[in-house]
Amino acid sequence: MSIVALRDAVVLLGRFPALSGVDLEVDAAEVVLLQGPNGAGKSTLLRFCAGLLRPHSGSAVVLGHDLRESRPAVRRSVGLLGHDTALYDDLTVTENLQFLARASRIEIEAVGSALNRLGVSARLHDVVVGQLSAGQRRRVALAGVALRRPELWLLDEPHAGLDQGGRDLVDGLVADAAADGATVLVASHELDRTLELATRRVTVVGGTITTDVVDAASVTDPPVQSKQES
Amino acid sequence: MSIVALRDAVVLLGRFPALSGVDLEVDAAEVVLLQGPNGAGKSTLLRFCAGLLRPHSGSAVVLGHDLRESRPAVRRSVGLLGHDTALYDDLTVTENLQFLARASRIEIEAVGSALNRLGVSARLHDVVVGQLSAGQRRRVALAGVALRRPELWLLDEPHAGLDQGGRDLVDGLVADAAADGATVLVASHELDRTLELATRRVTVVGGTITTDVVDAASVTDPPVQSKQES
Amino acid sequence: MSADAVNTGSRTTRLLGAAVLIGVLALILLGFFGAPEDDEQRDAVRMIFVHLPSAFGIYAAMATTAVGSVMWLWKRSRWWDIVAHSSAEIGVIFCGLTLFTGSVWGRPTWNTYWDWGDVRLVTTLILFLMLVGYLALRSAGGDENAMATRAAVVGLLAAVNVPIINRSVEWWSNRTLHQKSSLTDGNLEDLTLFTLFVGIVVWALFFVWAMIHRFRIGWLEHQLRDIDLETALIQRRAEAATESSGEESR
Amino acid sequence: MFADIWLVTNKDLRIEWRSRVTLSQVAPFALTVLVLFGFALDANPEVLTAATSGLFWLTVLFVAVVAVQRSTAIETADGARRALLLAGIEPSSVFVGKALAIAVQILGVEVLMVGGVLLFYDATVESLPLLLATCAVATLAIAASGTLLGALVAGVRARETVLPILLLPLLAPVLIAASRAFDDALGVLAVDGWAWLGLLAGFGIVNALLGMLAYGPLLEET
Amino acid sequence: MFADIWLVTNKDLRIEWRSRVTLSQVAPFALTVLVLFGFALDANPEVLTAATSGLFWLTVLFVAVVAVQRSTAIETADGARRALLLAGIEPSSVFVGKALAIAVQILGVEVLMVGGVLLFYDATVESLPLLLATCAVATLAIAASGTLLGALVAGVRARETVLPILLLPLLAPVLIAASRAFDDALGVLAVDGWAWLGLLAGFGIVNALLGMLAYGPLLEET
Ligand code: HEM
Ligand SMILES: Nc1ncnc2c1ncn2[C@@H]1O[C@H](COP(=O)(O)OP(=O)(O)OP(=O)(O)O)[C@@H](O)[C@H]1O
Ligand SMILES: Nc1ncnc2c1ncn2[C@@H]1O[C@H](COP(=O)(O)OP(=O)(O)OP(=O)(O)O)[C@@H](O)[C@H]1O
Ligand SMILES: [Mg+2]
Ligand SMILES: [Mg+2]
């Protein structure tokens with residue numbers, strides 16, 4: 001059974017067709033890189049798969065749930081890292097993650113290990129999120145996703161703002177998730193990094209998918225930095 | 001005369017010494033890369049040089065103005081791209097830039113060319129900024145900086161969120177600015193890109209500068225894949 | 001559809017419009033010259049021919065809004081959403097008219113334009129304010145679907161007022177200057193009663209007429225959006241064709 | 001269900017506590033408004049006494065607007081609303097949780113305000129049970145309506161202004177009923193306070209039920 | 001200088017116009033508050049007449065809070081304040097520009113409210129010049145103080161609540177003076193309205209000067 005199955009899906013933001021007809025089938029344990037120019041619709045596609053947007057037309061099934069009807073069920077089983085971090089500024093790092101854990105019915109102990117996993121230093125655990133640096137904040141948000149061990153990971157530019165160590169952690173996280181059988185969709189402009197990770201490269205332009213390359217080879221390929229674009 | 005001259009500068013955010021004693025001299029037409037782990041103090045250093053923060057102790061002179069006294073004068077002559085984009089969500093792209101231009105006493109015509117320079121497509125000119133994608137928004141913010149032709153460019157992760165074409169545009173922008181005699185400070189985690197641009201590499205850790213390498217070699221290096229626009 | 005696209009009228013609405021015009025004329029004639037003046041209120045009683053039909057107009061409009069709101073929430077039917085919006089707008093007009101005729105009437109009969117203690121007056125005013133809020137919300141813009149859902153909830157909250165307005169004279173009989181139902185207790189003169197019915201019928205026709213027009217405007221806007229959407233979709237897909245080679249440089 | 005409600009209430013109250021908004025800002029705001037009413041009605045003791053209950057509850061309404069605004073701001077900043085959606089808590093639990101947090105804050109302010117009214121407006125309590133019951137019931141009704149409308153305006157561009165124009169008329173019945181009940185409790189007017197209280201309870205229940213039903217669809221539409 | 005002022009005023013009004021906030025929201029808000037006073041003072045016509053001026057200006061104060069809140073929200077979203085700072089417009093021009101934008105909106109609402117008061121509160125105008133002068137002067141005073149405090153709270157975490165508790169007491173003198181002037185203009189009380197108007201003007205000037213001076217340092221501290 002495919003994890004994501006979109007057929008001619010159209011999604012409107014206001015009146016703008018941010019997705020203008022997407023066909024996409026993703027199977028379990030795939031790591032799909034979404035690439036494409038700014039404004040192509042990558043973020044919209046991720047938010048759509050997370051069950052946050054309603055399809056205007058077309059059919060869309062994620063994790064076996066139809067997005068026209070049972071979006072809440074989808075939301076419970078995906079993990080989304082967006083451009084914004086969806087954290088409460090006034091709560092500390094730990095409090096934020098504990099809230100997430102409780103709300104998602106996960107044992108509280110997972111919080112500590114998720115923070116360790118993302119390399120959030122102990123000094124920061126009791127700092128209010130509003131005071132973190134951009135990169136620290138994104139690490140915490142990533143820890144929030146990792147915490148939930150979702151079946152489907154939706155990562156919107158997970159490397160952005162992270163330092164070298166952070167980038168490696170993300171790569172490790174994605175690799176582990178795929179190894180555990182989870183499916184990962186990564187939107188990214190940092191192709192040199194993500195190409196190594198991805199088993200498949202999907203190009204989004206103008207709200208549709210223009211190329212879709214299953215790239216078994218690239219796993220071994222060295223990061224040449226180029227090809228694509230320019 | 002040096003453009004930036006900090007001596008043992010300490011800056012507090014709340015009670016936290018985000019800069020714990022920075023010594024830095026930057027001369028005209030240098031392109032300085034600020035690197036360092038998350039939370040090191042890079043963004044704080046840039047905002048400090050922009051005249052947005054008050055020094056707690058130490059001495060700090062930017063563009064000939066003492067930061068303890070005449071920060072407004074500094075602000076007028078620098079251009080800062082921060083993690084957030086400092087645009088009005090409810091105004092259109094053009095309106096935002098026109099406002100900036102008028103406020104900074106720049107002819108209105110510069111707006112169109114700045115937008116072109118950053119590759120903001122004509123469709124977007126009359127779109128309200130709140131509706132843009134992350135990368136489009138950052139392009140507009142960059143256009144706002146370019147528009148002002150500042151003497152000192154302070155760019156906080158200018159490549160983040162931009163597609164390949166956008167990244168090349170940024171590189172071109174920085175190269176041109178330096179060629180025009182302006183000084184550029186770039187904080188970035190995307191070393192592979194920025195190393196080519198920078199004439200000097202400064203590492204910030206724990207709010208101070210740990211290494212400071214003048215990288216003469218790279219100056220003569222052609223900005224490889226360059227040429228703006230793919 | 002193309003003929004209708006030019007204007008929102010049709011044979012039916014023109015007939016309706018004519019009927020309303022004739023009805024208003026008849027109402028004026030009957031109201032001023034037909035119906036007898038009241039023993040106590042003298043000529044002021046004639047206000048009832050506008051006042052009561054307007055009040056019933058509120059009821060009709062709010063009932064329509066409530067149904068439309070429920071149908072949007074339940075079926076997410078755009079048709080019903082536009083119905084709800086249209087009738088709420090007309091409801092504001094009726095509500096304003098009721099308030100206006102009521103307070104003008106109050107001057108000669110109750111010796112005041114307004115009485116804060118009269119529950120019916122107060123609840124009518126609350127409804128009016130809520131409807132103004134409803135329209136403010138609608139005009140705040142944003143995503144269409146989100147707006148429809150928000151408006152539907154507010155519309156239902158506002159509609160809850162209607163039964164209260166209607167029943168208030170019974171529930172708070174010591175706190176009202178209004179008389180209780182005068183239609184059913186049967187001491188109106190025959191001609192007065194007849195004129196009143198004429199008024200109600202005329203206002204009902206007006207309601208239907210205005211609803212059809214307002215709804216058609218809303219529906220045309222909706223269709224225009226669909227047409228826009230078609231072109232937007234084409235343009236959006238065209239981006240893919242032109243830009244798969246280069247970046248959005250132009 | 002109860003765990004989720006408590007989770008949400010606890011989070012909101014913790015954020016409040018951390019920023020001390022209610023304690024250091026809403027409460028002074030309430031007192032300020034009370035005093036301003038005093039100024040506006042300018043040294044006319046009879047008028048002030050007659051108007052005490054009304055002014056008390058009007059102030060509570062303004063406090064409610066401020067509290068709801070804050071409660072909504074917490075969720076909308078940096079897409080935090082999304083977190084709630086993705087976490088998969090039942091919307092009705094979120095509703096009850098947020099309403100309770102608001103109710104706790106408003107109740108706290110009311111306690112202070114009763115003191116203020118006794119002091120500044122020279123009022124006396126005739127029936128403490130009625131007074132307490134009115135506060136409790138009215139507060140729950142206000143919190144329920146407020147939370148519902150807070151979610152309603154969360155995605156609207158100018159929510160600072162839309163919220164009060166929707167919330168205030170909706171709460172007008174509460175204002176009236178609670179004021180009359182207070183009139184009785186303070187011995188200002190000889191009305192049947194308990195009857196008004198019943199009305200208040202009815203209003204509260206209707207609004208709470210509506211809120212629990214409507215909150216889900218509203219959270220959906222961002 | 002004037003160009004800058006106009007630039008800022010124009011931007012704010014344009015944003016307002018785009019979102020139609022004043023027209024479709026602040027004005028109804030004012031009306032709602034006026035009506036709520038009626039509900040709160042329930043069926044006590046004398047009280048209402050005696051209090052008309054006070055309630056009018058109290059409502060204006062609440063409107064001012066809402067308008068300032070909106071005006072501040074415009075600057076604080078996504079660090080837009082920084083843009084103003086970096087652009088290098090004189091802070092005093094920013095101050096005057098924003099104050100004017102607020103004043104225009106409040107004045108518009110007042111016109112409506114005068115209508116409302118005449119209708120619902122059964123008031124009559126005795127001296128139109130005094131009425132108009134009071135509106136103009138008081139509005140400028142309110143706009144000046146409001147803009148100043150708006151900048152003051154912009155960086156504060158919970159500005160939804162801080163603003164009213166600072167602004168309302170600060171404007172208490174305006175409330176009193178404008179109410180007395182209105183009492184005269186509406187023929188409710190035999191006081192010397194023009195004298196109160198003078199006081200109002202003094203207050204306005206002081207606040208405007210203070211604002212122009214203090215705005216710069218306030219913008220500084222983010
Ligand atoms: C602003 C003031 C007023 C408002 C808002 C108002 C509102 C209403 C409403 C909503 C109804 C419909 C009630 C129903 O039948 O369900 C109504 C009916 C009526 N009103 Fe008024 N009214 C006002 C003033 C007056 C005045 C001044 C009079 C005359 C003395 C008056 C006399 C009546 C009468 C006779 C009915 C018909 C009652 C019946 O047959 O049920 N109203 N009014
Ligand atoms: N209400 C709206 N009206 C018009 N256009 C809109 C609206 N909302 C969104 N858009 C457009 O929809 C697209 C959204 O794209 P999305 O955010 O998914 O892009 P993306 O691929 O993630 O881009 P980036 O790489 O910049 O993050 C953008 O082109 C944006 O301009
Ligand atoms: N009020 C505060 N209390 C405690 N620590 C604070 C406070 N404000 C900021 N900090 C800390 O100060 C540092 C700010 O760093 P800054 O934002 O300059 O980092 P950066 O180098 O830009 O990092 P990044 O690469 O993540 O953007 C962070 O470590 C942050 O946790
Ligand atoms: Mg994106
Ligand atoms: Mg940073």
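Numbers restart at 1 for each chain; the letters A, B, ... are given by sequence-line order, proteins then strands. The structure displayed is predicted, hence computed values, not measured ones.
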Tabulate below the donor-acceptor pairs under 3.5 Å that side-chain atoms of residues 93-101 of chain C make, not counting sequence neighbours, or state none.
residue, atom, partner, partner atom, Å
T98(C), OG1, A55(C), N, 3.4
T98(C), OG1, F94(C), O, 2.8
T101(C), OG1, H51(C), ND1, 3.1
T101(C), OG1, L97(C), O, 2.8
T101(C), OG1, T98(C), O, 3.2

In terms of heavy-atom proximity below 4.5 Å to chain C, should [X] be classed as side chain, backbone, both, or neither?
| X | result |
| --- | --- |
| V156(D) | both |
| L199(D) | side chain |
| L152(D) | both |
| L213(D) | neither |

The reported gap from CG in L219(D) to OG1 in T149(C) (rounded to nearest 0.5 angstrom) is 11.5 Å

Tightest non-hydrogen contact, residues I126(C) and A172(D), listed as CD1-CB, 3.5 Å

For I165(D) and A136(C), the nearest pair of non-hydrogen atoms, with its separation, is CD1-CB, 3.4 Å

Ordered numerically, the heavy-atom neighbours of chain D under 4.5 Å found in residues 151-165 of chain C are V153(C), V154(C), L157(C)

Between side-chain atoms of residues 91-100 of chain D and protein atoms elsewhere (two or more places apart, or another chain), which donor-acceptor pairs fall under 3.5 Å?
residue, atom, partner, partner atom, Å
K98(D), NZ, D12(D), OD2, 2.8
K98(D), NZ, S71(D), O, 3.4
K98(D), NZ, E75(D), OE2, 2.7

Between R150(C) and the options L218(D), L149(D), V153(D), the side chain to side chain contact (heavy atoms under 4.5 Å, CB included) test singles out L218(D)

Between P169(D) and the options L129(C), L125(C), L131(C), L127(C), the side chain to side chain contact (heavy atoms under 4.5 Å, CB included) test singles out L129(C)

Cut-off 4.5 Å, heavy atoms of chain D, and the answer for Y134(C) is backbone

Sorted by chain and number, sequence neighbours left out, ring pair (Phe, Tyr, Trp, His ring centres under 6.0 Å) with W57(D) holds for F182(D)

